[in-house]
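A short worksheet on the structure shown next.
Just so we're on the same page: letters track the sequence lines, and every chain starts at 1.
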2 protein chains.
Amino acid sequence: MRRIGDFKKKARIILIDDNFDHLSGVKELISMESDYDVIATATSANVGISLIKKYRPDVVLMDINMPEKDGLSAIQEIEKLDLGVKVIALTGYDDSDLIFRAMKIGAKGYILKTMASAQLIYAIEEVVNGKIYLPAALSSRFFEYFQKSFREEMNEVTDEENLLTYLTAREEEVLELLTQGVTYKGVASQLFISETTVKTHVNNIFQKLQVNDRTQAVLYALNNGFGNRKRMKVAI
Amino acid sequence: MRRIGDFKKKARIILIDDNFDHLSGVKELISMESDYDVIATATSANVGISLIKKYRPDVVLMDINMPEKDGLSAIQEIEKLDLGVKVIALTGYDDSDLIFRAMKIGAKGYILKTMASAQLIYAIEEVVNGKIYLPAALSSRFFEYFQKSFREEMNEVTDEENLLTYLTAREEEVLELLTQGVTYKGVASQLFISETTVKTHVNNIFQKLQVNDRTQAVLYALNNGFGNRKRMKVAI
DNA sequence: GTCTTAATAGACCAAAGGGTTTAGACCGCT
DNA sequence: AGCGGTCTAAACCCTTTGGTCTATTAAGAC
């Protein structure tokens with residue numbers, strides 16, 4: 001119940017879902033909660049994004065299984081606008097890869113359409129309060145996927161021997177510059193040594209890394225965690 | 001209570017904590033639960049790892065703030081043994097970077113020493129059942145950090161213009177091979193074209209990417225999400 | 001003091017890479 | 001039919017890179 005002097009602002013929500021029935025259902029559900037206002041709805045991502053630009057809602061519930069423009073790209077686009085809008089992904093699939101990608105691009109929550117309405121409300125509440133919400137079941141899936149993607153990388157980098165460890169300090173300096181695309185001449189002047197010295201170092205590097213040219217040396221360095229930087233490949 | 005015919009196996013646990021008082025406390029706490037057996041304890045990571053190799057426990061509770069060998073390296077070492085041992089990180093700090101790193105290297109849980117004992121027991125239970133457990137509060141911190149590390153990358157890759165988009169299909173094929181360390185001769189034979197044609201393509205690539213040589217072109221490609229692969233830098 | 005390793009650097013040669021220009025063939029578009 | 005873009009390829013020349021061998025110097029190990 002609201003009285004005069006009750007200044008608590010209702011959180012403003014926009015719903016985006018190509019399934020009109022589901023959209024109405026969710027709207028109905030949320031409207032029963034006095035704390036939230038569904039200020040607009042859309043059945044396509046593009047229309048939804050225009051509405052978001054126009055109304056600057058607090059929260060967006062986004063179905064990510066839509067035809068024309070998929071929900072993930074839409075979320076990415078919304079994040080790029082940087083309006084501070086909190087997006088909750090809504091979908092039927094509890095696919096760990098999907099969840100991972102959604103969280104990666106900035107979703108503040110991810111809930112399944114099959115979940116109880118109380119959970120949806122709770123998720124909105126948490127997200128409005130600046131938290132990130134994942135149902136326990138999805139949280140597990142997310143972490144599995146997360147750890148898997150890093151384990152693969154660990155093996156690449158840690159496994160067996162890392163030939164980079166055989167390099168001397170000076171050789172590492174030289175390689176460091178090579179990984180920045182510097183020429184021999186450039187390396188020479190930056191390290192205050194002659195170009196022939198650079199060549200000597202580079203040749204030693206090639207032998208130690210068992211490669212034939214600069215490009216391969218640079219690739220080896222990058223793929224095997226040069227310095228303390230590790231690199232990971234992940235498809236969005 | 002156990003009776004004859006009760007075949008349920010107790011989960012076997014090893015505790016590693018350099019603080020002997022805390023270690024005893026936790027041991028006491030767990031022993032009150034009839035489902036778990038603390039089969040060994042250690043006050044240093046190295047001793048702990050030997051015990052793990054010897055006894056193959058189901059779960060390890062590892063304090064990650066220890067002197068000599070830090071707990072994170074210890075976890076990494078345990079994971080590399082690949083014994084299926086589930087490690088729960090135990091610490092006083094709810095530092096999001098720490099949590100991120102612990103989860104990244106394979107911890108199945110992360111709990112704070114200040115947390116209620118019931119939560120510790122619950123975490124063990126979840127982990128024993130193959131799940132991953134993070135207290136809600138830490139979960140939030142983890143996700144913040146996770147999203148932050150990816151947002152930085154997104155900006156690098158998505159921001160402004162990606163010169164790679166100007167490349168023709170053929171040029172992309174050539175560049176793809178260059179990013180694998182293939183020489184011009186190799187590219188020529190793999191694409192069934194002459195070496196001079198390769199050089200023509202490569203020169204066009206250089207101009208479009210505004211670089212001067214193969215190494216720089218390869219680096220540009222790698223850093224700007226060549227194909228649908230994005231690369232991220234993360235220090236372990 | 002001797003031995004080893006790392007860093008420095010020169011000479012010389014061969015191979016690969018890079019810049020520029022020109023040009024034919026093919027494709028899609030208007 | 002003509003225009004523009006792409007793919008193909010050659011000729012010519014110059015620069016950079018890579019391979020090998022040799023040699024001096026300094027630092028550290030034993």
Side-chain angles (χ1 to χ4, degrees), chain A residues 160-229, chain B residues 160-229:
Chain A
E160 305 299 317
E161 291 278 345
N162 189 336
L163 299 177
L164 290 173
T165 59
Y166 299 133
L167 299 183
T168 67
R170 200 55 161 172
E171 285 161 0
E172 280 186 6
E173 286 184 81
V174 173
L175 183 52
E176 165 79 36
L177 291 172
L178 292 190
T179 62
Q180 293 167 24
V182 182
T183 64
Y184 290 176
K185 203 170 294 189
V187 174
S189 76
Q190 285 195 45
L191 297 185
F192 304 107
I193 55 182
S194 85
E195 206 176 328
T196 58
T197 304
V198 175
K199 286 171 58 174
T200 309
H201 286 313
V202 169
N203 268 297
N204 292 332
I205 292 171
F206 288 166
Q207 286 182 15
K208 290 186 181 177
L209 302 188
Q210 296 164 24
V211 298
N212 306 309
D213 58 45
R214 0 163 0 106
T215 309
Q216 290 173 12
V218 166
L219 288 171
Y220 185 93
L222 260 32
N223 289 326
N224 292 83
F226 192 60
N228 55 3
R229 246 166 272 130
Chain B
E160 303 300 317
E161 291 278 346
N162 188 336
L163 299 177
L164 289 173
T165 59
Y166 299 135
L167 299 183
T168 66
R170 199 55 160 172
E171 285 160 0
E172 279 186 6
E173 286 184 81
V174 173
L175 183 52
E176 165 78 36
L177 290 171
L178 292 189
T179 61
Q180 293 166 22
V182 182
T183 63
Y184 289 176
K185 204 170 293 190
V187 174
S189 76
Q190 285 195 45
L191 296 185
F192 305 108
I193 56 181
S194 87
E195 207 177 327
T196 57
T197 305
V198 174
K199 285 171 59 174
T200 308
H201 286 312
V202 169
N203 268 297
N204 292 333
I205 292 172
F206 289 166
Q207 286 182 16
K208 290 185 181 178
L209 302 188
Q210 297 164 24
V211 297
N212 305 310
D213 57 46
R214 357 162 6 102
T215 309
Q216 289 174 12
V218 166
L219 289 170
Y220 186 93
L222 260 32
N223 289 327
N224 292 85
F226 190 59
N228 55 4
R229 244 166 273 129

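Counting any heavy atom pair closer than 4.0 Å across all strands shown, B:Lys185 reaches sugar-phosphate atoms only and no base atom. Contact annotation for A:Ser194: backbone-only contact, meaning every heavy-atom pair under 4.0 Å involves sugar-phosphate atoms and none involves a base. Nucleic acid contact class of A:Thr168 (heavy atoms, under 4.0 Å, all strands): sugar-phosphate only. Among the protein residues, A:Asp213 comes within range of the sugar-phosphate backbone only, with heavy atoms under 4.0 Å from sugar or phosphate atoms but none that close to a base.
An OP1 or OP2 oxygen of C:dA7 is reached within less than 4.0 angstrom by no side-chain nitrogen or oxygen of A:Thr200. Regarding contacts with the backbone of D:dT17, a side-chain N or O of A:Arg214 is found under 4.0 angstrom from either OP1 or OP2.
Counting to the nearest Å, the P atom of C:dG17 and the CD atom of A:Gln216 are 10 Å from each other. Note: CG (A:Asn203) to P (D:dC21) measures 12 Å, nearest angstrom. If you measure from atom CD of B:Gln207 to atom C1' of C:dT21, you get 13 Å, rounded to the nearest angstrom.
Exactly one residue among B:Thr197, B:Val182, B:Val198, B:Leu177 makes a side-chain contact (heavy atoms from CB on, under 4.5 Å) with B:Leu191. That residue is B:Leu177.
Side chain of A:Glu195 to backbone of A:Ala188: no donor-acceptor contact under 3.5 angstrom is found.
Sequence order on DNA chain C of the closest nucleotides to A:Lys208 and A:Thr196 puts A:Lys208 first from the 5' end. The residue among B:Leu191 and A:Val211 whose nearest nucleotide of DNA chain D lies closer to the 5′ end is B:Leu191.
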